[in-house]
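Naming: A, B, ... by sequence-line order, numbering from 1 per chain. Note: hydrogens, waters and symmetry copies are ignored here, and every other heavy atom, side chains too, is used.
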Amino acid sequence: MSRLTPSEIEPKWQAAWERAGCFTARHDPDRPKYYVLEMFPYPSGRIHIGHVRNYTMGDVIARYKRARGYAVLHPMGWDAFGMPAENAAMASGGHPKDWTYGNIADMRDQMKPMGFSIDWSREFATCDPEYYAQQQRLFIDMLEAGLIYRKAAVVNWDPVDMTVLANEQVIDGKGWRSGAPVERRELVQWFFRISDFSEELLEALDTLEKWPDKVRLMQANWIGRSRGLRLAFDLTAPAAGHERIEVFTTRPDTLMGASFVAVSPDHPLARALEEGDADLAAFSAECRRMGTSEEELETAEKKGYDTGRTVRHPLIEGRELPVWVANFILMDYGTGAIFGCPAHDQRDLDFARKYGLPVIDTFRPVPFSSDVESAEQEGFVSPEAGADAAFVPQKTEKVRWIDHFAGLTEATGEEAIDASIAHAEANGWGEGVVQFRLRDWGISRQRYWGCPIPVVHCEACGAVPENRENLPVRLPDDVSFDQPGNPLDRHPTWRDVPCPECGRPAKRETDTMDTFVDSSWYFARFTAPRAETPTDPEEAAYWMNVDQYIGGVEHAILHLLYSRFFARAMHITGHLPEKCREPFEALFTQGMVTHAIYQTTDDRGRPVYHTPDEVDVRETGEIVVRATGETVEVIPSQKMSKSKRNTVDPAAIVAQYGADTARWFVMSDSPPERDVEWTAAGAEAAFRHLSRVYRMAAENDPSEPGAEAEDEPLRRATARAIADVTEGIEQFGFNTSVARLYAFTNTIARSAASGAARREALKVMAQLMQPMTPHLAEEMWEMLGGEGLLAEQPWPEADPALLVEDTITLPVQVNGKKRGEITVPKDAAKDVIEALAMDEPAVQRALDGGRPKKLIVVPGRIVNIVV
RNA sequence: GCCCGAGUGGCGAAAUGGUAGACGCAGGGGAUUCAAAAUCCCCCGCCGCAAGGCGUGCCGGUUCGAGUCCGGCCUCGGGCACCA
């Protein structure tokens with residue numbers, strides 16, 4: 001019996017494709033182009049099954065589009081800068097560069113046997129000096145275009161290791177290595193002016209029709225456009241040189257319910273007051289002993305400090321409000337100061353209750369019945385009357401106002417906000433403003449393994465960009481990681497350079513760029529990866545935009561938003577054409593592959609993680625570390641990540657069953673957009689199926705006679721399979737395409753048609769399987785006498801005449817419940833269908849003598865009898 | 001805490017508002033075999049002898065008809081600006 005042997009056929013066909021140059025992207029003005037891109041990987045060391053899933057999806061699209069006649073660009077590269085390389089160097093010696101390039105080599109070696117139709121000649125890593133040289137050029141162009149500036153910003157500071165920590169490295173408010181409580185510290189850093197593009201980035205979301213709605217919504221919320229009022233509260237007595245506090249509010253309609261003003265600990269007034277108030281200074285210091293993440297700020301206990309100062313309410317003569325410093329006010333948003341209206345904001349209410357501040361209703365619900373005077377009579381308890389829940393109705397809901405300054409009685413929140421802003425502007429006590437949540441993008445990182453910021457600091461000339469002919473500013477190789485902090489800071493021969501402008505002694509910028517910068521333009525670089533400029537205009541004009549971008553939802557906001565900003569910046573600086581302002585035409589966010597995490601703890605109580613192949617499941621169900629027998633704690637599934645070691649290595653599957661089986665397996669079963677919990681069962685079944693298909697091709701004999709009458713149904717089934725599989729691929733429903741191919745296999749296997757007819761069906765099967773299992777498909781194509789390489793054949797077309805069915809089966813419902821079925825000619829008249837439906841015995845039984853009130857016939861779909 | 005998703009048999013899942021469970025896994029039965037492997041065929045949501053009833057996380061609503069649309073919850077996952 002013929003056997004499928006992947007270890008023989010897979011290398012054979014990979015070599016054949018290579019020889020024929022099938023996957024080299026060719027700029028061909030006579031053909032439509034198609035650029036398919038999967039988010040490039042971080043070279044962590046091993047590919048995991050999530051990568052296989054991601055790149056197989058892209059490969060299915062790439063191979064399909066090639067068969068459809070497109071000039072396809074399908075490149076691969078490495079997002080190669082970042083912290084893990086430095087962590088590895090600190091943990092086990094060695095150099096980040098060696099670690100990174102070693103990992104890249106390993107991962108490339110793992111990926112090539114997968115048979116992805118990638119143009120490897122365009123490969124690059126972001127840590128290649130040739131790449132980051134162009135990134136530095138972009139930086140200088142953007143600096144000159146006014147898109148970059150410097151300002152102070154807070155970072156997580158580890159006071160023991162004397163180093164800046166990433167949010168990820170702050171665990172329960174402590175540094176992950178030192179265990180010391182982190183502090184917030186201000187550093188002067190470089191920023192991209194992404195917030196200048198807030199309005200545009202928001203509005204352009206509407207044009208991204210082939211993006212998932214959820215991603216557009218997440219981005220819109222992130223940019224966070226809000227209309228509100230800016231107004232000032234005058235201090236009753238000037239304090240530390242301040243006479244007023246400017247606040248921004250999105251709910252100016254609740255101003256009559258204001259009962260306190262709160263400012264951020266970083267607000268200039270709070271800082272000034274610290275001088276003469278040791279308790280306040282202590283409070284603020286405590287606030288600063290906290291990480292910088294919004295999550296930490298928002299989930300921390302809300303705390304405040306009464307400054308003893310007061311402000312005057314702008315509209316109520318004689319009302320004075322206390323001024324508090326509160327840990328939940330962000331200096332980065334609005335003016336860093338708010339007024340609190342506890343009756344209509346839960347956070348303010350919690351704060352007011354905690355510190356005994358007044359609660360004043362400004363509106364109540366409109367009573368449901370017309371014969372009562374107030375909501376109270378219907379049992380509503382307002383916050384002012386002691387309720388623990390703030391009254392926060394939808395802004396579209398009508399409420400009854402109490403003594404509103406603009407004279408409102410009943411109005412929705414939206415109407416009230418508009419009226420309030422209009423009133424404030426007309427009477428000169430406030431100004432309507434549009435505020436965005438989006439902040440400028442801070443890119444300075446106090447680390448070695450990143451793209452050096454090409455700037456020199458000169459005492460006379462200030463921050464001066466490096467001369468372009470001196471690019472790249474290369475990372476020095478002779479550095480050590482035996483002490484914390486940035487090795488560039490303690491590298492005098494690299495750091496001390498003459499000023500590019502005046503030539504006097506100066507110092508290089510030792511911060512490097514955020515790695516998000518690297519990934520914000522790599523897609524453009526792939527169009528001309530060896531160009532001496534960031535892009536080549538002709539290549540960019542031809543290949544851009546990315547027609548289909550594929551990646552994880554976890555990148556829905558930051559990476560995609562930064563890339564959208566960068567595309568605009570590159571257009572402004574002349575590196576991309578106008579049409580590239582939105583660089584990704586279509587986006588598909590695939591689900592993550594998740595797996596349980598196996599954790600033990602070391603003698604200091606710190607977590608130790610174990611990979612799935614390091615543990616055994618005992619008969620009792622207990623899961624233990626194979627080497628030590630220690631019982632592990634099983635943490636529920638999360639996305640696979642190197643740091644949690646819950647990754648599954650596809651190498652074992654590939655070694656046992658081959659790449660096609662791994663590819664087939666990750667495309668089947670789960671819909672691509674959904675997360676999938678990895679289980680090893682099923683790979684065996686996938687291999688069995690591929691073997692079966694292989695055998696059917698190997699054993700096909702075209703001279704074998706068959707029942708002539710069976711040829712036609714097989715041709716119909718073939719046409720149906722072409723239509724359904726194609727639709728599945730077009731709609732990213734790869735799992736349904738796979739299901740259709742299973743069904744088609746069964747149909748062929750059971751068909752009594754002639755050998756020749758079966759051969760034709762099997763050739764189509766090979767064509768339809770080619771995107772998913774390319775090696776098997778080539779082997780079949782060859783065995784079945786197909787011309788040339790299957791990878792270069794056009795996609796099969798379904799004969800429309802064969803797709804039409806003569807009769808259809810209609811379900812018959814009684815009161816929405818299915819009771820029977822009728823089979824009718826395709827174009828049966830409505831009254832014929834009605835009569836047939838009424839004649840069904842099961843229908844008669846369900847009617848039970850009742851008379852039909854209404855008969856609904858949905859042509860081609862269903863009959864519903866309403867009694 | 002805030003923003004965004006997801007939830008359907010024992011399991012992975014399918015289903016333009018129109019037959020819930022296609023296809024696959026696991027399981028059960030059978031054929032072939034001296035036996036086994038491999039292969040092939042059949043059954044397979046739950047309750048019920050059956051007729052039938054109940055079923056898409058929970059509660060309510062819209063509709064002739066809801067897994068699908070609307071409102072309110074629950075659970076799980078993603079993001080929260082220095083993980084990538």
Side-chain N or O of A:N735 less than 4.0 angstrom from OP1 or OP2 on B:C23? no
Please work out if A:R437 contacts a base, only the sugar-phosphate, or nothing of the nucleic acid, heavy-atom cut-off 4.0 Å. base
What contact category does A:A556 fall into here, base, sugar-phosphate, or nothing, at under 4.0 angstrom with non-hydrogen atoms? nothing
Under-4.0 Å side-chain N/O to phosphate OP1/OP2 contact, A:T515 with B:A84: yes
For the C1' atoms, the ones on B:C23 and on B:C58, what distance do you get once it is rounded to whole angstrom? 30 Å
Out of the candidates A:R353, A:R347, A:K354, A:Q346, only one should pair with A:D350 under the side-chain hydrogen bond (donor to acceptor under 3.5 Å, both in side chains) rule; please name it. A:Q346
Nucleotide forming a Watson-Crick or wobble pair with B:U39, both distances under 3.5 Å: B:A31
Flag the pair A:F734 / A:F732 as yes when their ring centroid distance falls below 6.0 Å, and as no otherwise. yes
Ignoring hydrogens, what is the shortest heavy-atom contact between A:N864 and A:G816? Give both atom names and the distance. OD1-N, 3.1 Å
5' precedence on RNA chain B between A:V858 and A:M83 (nearest-nucleotide basis): A:V858
Kindly point out which of B:A14, B:C3, B:C82 is positioned nearest to the side chain of A:N156? B:C82
If only side-chain N and O atoms of A:R692 are considered, is one of them under 4.0 Å from the OP1 or OP2 phosphate oxygen of B:A38? no
For B:A26, take OP1 and OP2 only and decide whether either is under 4.0 Å from a side-chain N or O of A:R688. yes
Quick one: which of A:F565, A:F192, A:F566 gives a ring pair (Phe, Tyr, Trp, His ring centres under 6.0 Å) with A:F197? A:F565
Out of B:A20, B:A15, B:A81, which has the shortest distance to the side chain of A:T736? B:A15
Considering only B:G12, B:G79, B:U19, which nucleotide approaches the side chain of A:I557 most closely? B:G79
Record whether the side chain of A:N167 comes under 3.5 Å of the base of B:C82 through a donor-acceptor pair of N or O atoms. no
Spacing of the C1' atoms in B:A15 and B:G67 (rounded, Å): 9 Å
Classify the glycosidic conformation of B:G10 as syn or anti, calling it syn when the angle lies within 90° of 0. anti
